[in-house]
Amino acid sequence: MNYQELANLIFPDAKDISYYEAKYPERNLPEGAIVTRFAPSPTGFVHIGSLCQALVARTVAKRTGGVFFLRVEDTDQKREVENGVTGIVKSLQEFDMAPDEGQIGENEEIGNYGPYKQSLRKEIYQSYAKYMLSIGKAYPCFATPEELEEMRAKQEAAKVRTGYYGVWAKYRNLSIEEAAEKIKAGVPYIIRFKSPGREDRKIKHKDIIKGNVDFPENDQDIVIIKADGLPTYHFAHAVDDHLMHTTHVIRADEWLSSVPLHLQLFQEMGFKPPKYAHISPIMKNDNGNKRKLSKRKDPEAAVNYYTELGIPNLAVKEYLLNIANSNFENWRKQNKDASIDEFDFQLNKMSVSGALFDMVKLLDVSKIVISKYTAEEVYEKAIEWAKVYDKELANLLEKNKEYSLKVLGIERGNEKPRKDIAKWSDLKENINYMYDEKFEKIKHNYELQKINDKEKIKKILNTYAEKYFNIQDDKQVWFDKLKDLAEEFGYAREVKEYKENPDKYEAHVGDVSTVIRIAVTGRANTPDLYAIMQVLGKDTVLKRLNSFA
RNA sequence: GGCCCCUUGGUCAAGCGGUUAAGACAUCGCCCUUUCACGGCGGAGACAUGGGUUCGAUUCCCGUAGGGGUCACCA
């Protein structure tokens, strides 16, 4: 019996690999085009780090006229989560990062290099495993879990490296006949790669992000086909990225230490290896220690978290780009209105070590993103969010669209737009008082400022309402009248004047306008009071001036 | 523990043997004809540590410490 016959015995129906080699020919792409992929396992929601990785992969593919595809790595059936694929596809769509090819729904896909779901590629992997068996580079292993555990215990006791390698690889040198006999007798087995590596030899790897990294060669006879017939990650990676013609594997740096294995696999299978770029994870400070953002422990690890808070997806992407290429920020400053697709992203500029996640910075980016939206855009995006997360806000905005647009348009669209909204969940609190029905329900707990005598305040408000307030006034006239009002009550007309003679005056025009601001809006801090009054309209302003208690 | 990687202000980070060691966020102060926000100006704040190499090290080499990753029939 020879290797080929053993291979036939194990995978009698598997096709010859030439079939697949012909079926998935080289891609016809321009020179320098990068083919990348996002290859998550459908085990729940998308992690912010995965999103970052997908964003980077997609960006470099787009910039080079290449392809970005989505492959679903569902070879571990135990970890599978219902609708896992849908969640991933949806998240990518929401972030405007739909793949060029690959999985586009739980069971739908596009592209010529599929299937893109690994569980549907079982036959392909088996063909390649058969090929490896037939050339003696893989073999069946009959070790039971107990046996492996025992081996590990021995290794630990002897303080040697754990794993299935060298002398420990018990079934590596089993004769073909013996192996065949066991298989025929129904002894359970899996398929292992017969590693030609030696631990005392080094391999050189040049990672696009990490740079030169030298490792000992891989000498582990890793499992390539599991008991359930599905491949392990390593084997699937080699087969898929070969067949799908991935040029650049961009993935989390937890994979870096598998590079020697992966390179060896490509080598032994006769595949051209891809280039690798290992991305550092996004970290979190946990009691003074850095650690990866964890899906289980940290709500902010899931991309949905940001969606729920109402942080625009664009802001999340800009923040991630910021972490990924720190010159993004400068570029953004110089290209305020450009699409992020125009940014010249460089993989090799990515940081070698993991960055601590900074919510404050994200919110700052978000503020800037939102400040650039027109009133109409704010209206649409806020409603889209509110319909899911805050019905009350949605109703408020929708009840009178025209009016809402005016409210949202206050101090927006000029060259120094307001930057007071960082997320849609802040919005309601910011605009509540512009709606009379809300204003009346707010329990006003006025924090009176410098002028705090209630009787005096009422007098000021009355005087203002009767003598000075005119909705038709332009801003200068309106402001001059406030000064007149201040003067009438013996306050300083100008703030400067007050500051120069602090003993001469009790207060100044700013304090007077604060009184009016509080009466009209219920708060001491608001956007431009003139603009607010214009939007509220004469009747509402008068009503509020007169009803202050 | 073995192997691999990392270490510049509170955070993200420029920097590739000679710099007053950029910039952004945060923070503090002042200014911006009324608050807030914006904007402007300014302040404080960093090369983990010990040895080399060098005329000269944040930059190169070695050690130490600290941090991270990885060692599955999980990805």
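Below, each value reflects all heavy atoms present in this structure, side chains not excepted, and no hydrogens, waters or symmetry copies.
In this model, no side-chain donor or acceptor of A/Arg523 finds a partner on the base of B/U35 within 3.5 Å. Below the 3.5 angstrom threshold, one finds a donor paired with an acceptor across the side chain of A/Ser513 and the base of B/U34.
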>> Run the salt bridge (Lys or Arg N to Asp or Glu O under 4.0 Å) test on A/Glu217 and A/Arg198 for me, step by step, so that the C-alpha distance in whole Å, both residues' side-chain angles and the decisive distance to 0.1 Å come before the verdict.
In response: CA-CA 6 Å; A/Glu217 277 184 7; A/Arg198 273 175 40 185; over 6 Å; no
> Could you walk me through whether A/Tyr125 and A/Phe11 pass the ring pair (Phe, Tyr, Trp, His ring centres under 6.0 Å) check?
Replying inline: CA-CA 11 Å; A/Tyr125 304 121; A/Phe11 297 118; over 10 Å; no
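Using a 4.0 Å cut-off, some side-chain N or O of A/Ser351 falls inside it from OP1 or OP2 of B/A13. At least one side-chain nitrogen or oxygen of A/Lys419 sits closer than 4.0 Å to the OP1 or OP2 atom of B/G39. Applying the 4.0 Å criterion to OP1 and OP2 of B/G69, one finds that A/Arg291 has every side-chain N and O outside that range.
The residue A/Thr43 sits apart from the nucleic acid: no heavy atom pair falls under 4.0 Å. Backbone-only contact: A/Lys333 has heavy atoms under 4.0 Å from sugar-phosphate atoms and none from a base. Counting non-hydrogen atoms under 4.0 angstrom, A/Asn285 reaches nothing in the nucleic acid. Counting non-hydrogen atoms under 4.0 angstrom, A/Pro417 reaches the backbone sugars and phosphates but no base. Contact annotation for A/Phe215: backbone-only contact, meaning every heavy-atom pair under 4.0 Å involves sugar-phosphate atoms and none involves a base. When heavy atoms are screened at a 4.0 angstrom cut-off, A/Pro188 is found touching no nucleic acid atom at all. At a threshold of 4.0 angstrom between heavy atoms, the contacts of A/Ala143 include nucleobase atoms, whether or not backbone atoms are also involved. A/Thr526 comes within contact range of at least one nucleobase, with a heavy-atom separation under 4.0 Å. The residue A/Glu73 sits close only to the backbone: its heavy atoms come under 4.0 Å of sugar-phosphate atoms, none of a base. Contact annotation for A/Arg493: no contact, since no heavy-atom pair falls under 4.0 Å across all strands. Counting any heavy atom pair closer than 4.0 Å across all strands shown, A/Leu356 reaches sugar-phosphate atoms only and no base atom. Using a 4.0 Å heavy-atom criterion, one finds that A/Val495 contacts the sugar-phosphate atoms exclusively. Nucleic acid contact class of A/Lys202 (heavy atoms, under 4.0 Å, all strands): sugar-phosphate only. Note on A/Glu149: nothing from the nucleic acid sits closer than 4.0 angstrom, heavy atoms only.
Side-chain atoms of A/Arg517 lie closest to B/U34 of the nucleotides B/C25, B/U34, B/A75. The side chain of A/Leu256 approaches B/C4 more closely than any other nucleotide in the set B/G68, B/C4, B/C73. Of the candidates B/A75, B/A37, B/U34, B/A37 carries the atom nearest the A/Asp420 side chain, counting heavy atoms from C-beta on. Ranking B/G69, B/C6, B/C25 by closeness to the A/Val352 side chain, first place goes to B/C6.
Computed from coordinates, the A/Lys372 NZ to B/C38 C1' distance equals 14 Å when rounded to whole Å. Rounded to an integer number of Å, the gap from NE2 of A/His205 to C1' of B/C5 is 12 Å. Regarding A/Ile209, its CD1 atom lies at a distance of 14 Å from the C1' atom of B/C6, rounded to whole Å. Taking atom CZ on A/Arg79 and atom C1' on B/C73, their separation rounds to 14 Å, with Å as the unit. Here B/G23 presents its P atom at 13 Å from NZ of A/Lys361, a figure rounded to the nearest Å. As rounded to whole Å, 11 Å separates atom P of B/A24 from atom CD1 of A/Ile368.
The C1' atoms of B/C4 and B/U11 are separated by 27 Å, rounded to the nearest whole Å.
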Validation: residues 359-370 of chain A side-chain donor-acceptor distances under 3.5 Å, sequence neighbours left out:
unit_1, atom_1, unit_2, atom_2, d
A/Lys361, NZ, A/Glu329, OE2, 2.3
A/Ser366, OG, A/Ala422, O, 2.4

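Of the listed residues (A/Lys204, A/Lys202, A/Arg201), just one forms a salt bridge (charged side-chain N to carboxylate O under 4.0 Å, His left out) with A/Asp214, and that residue is A/Lys204.
The aromatic rings of A/Tyr276 and A/Phe266 lie perpendicular to each other, with more than 60° between the two planes, well past the 30° mark.
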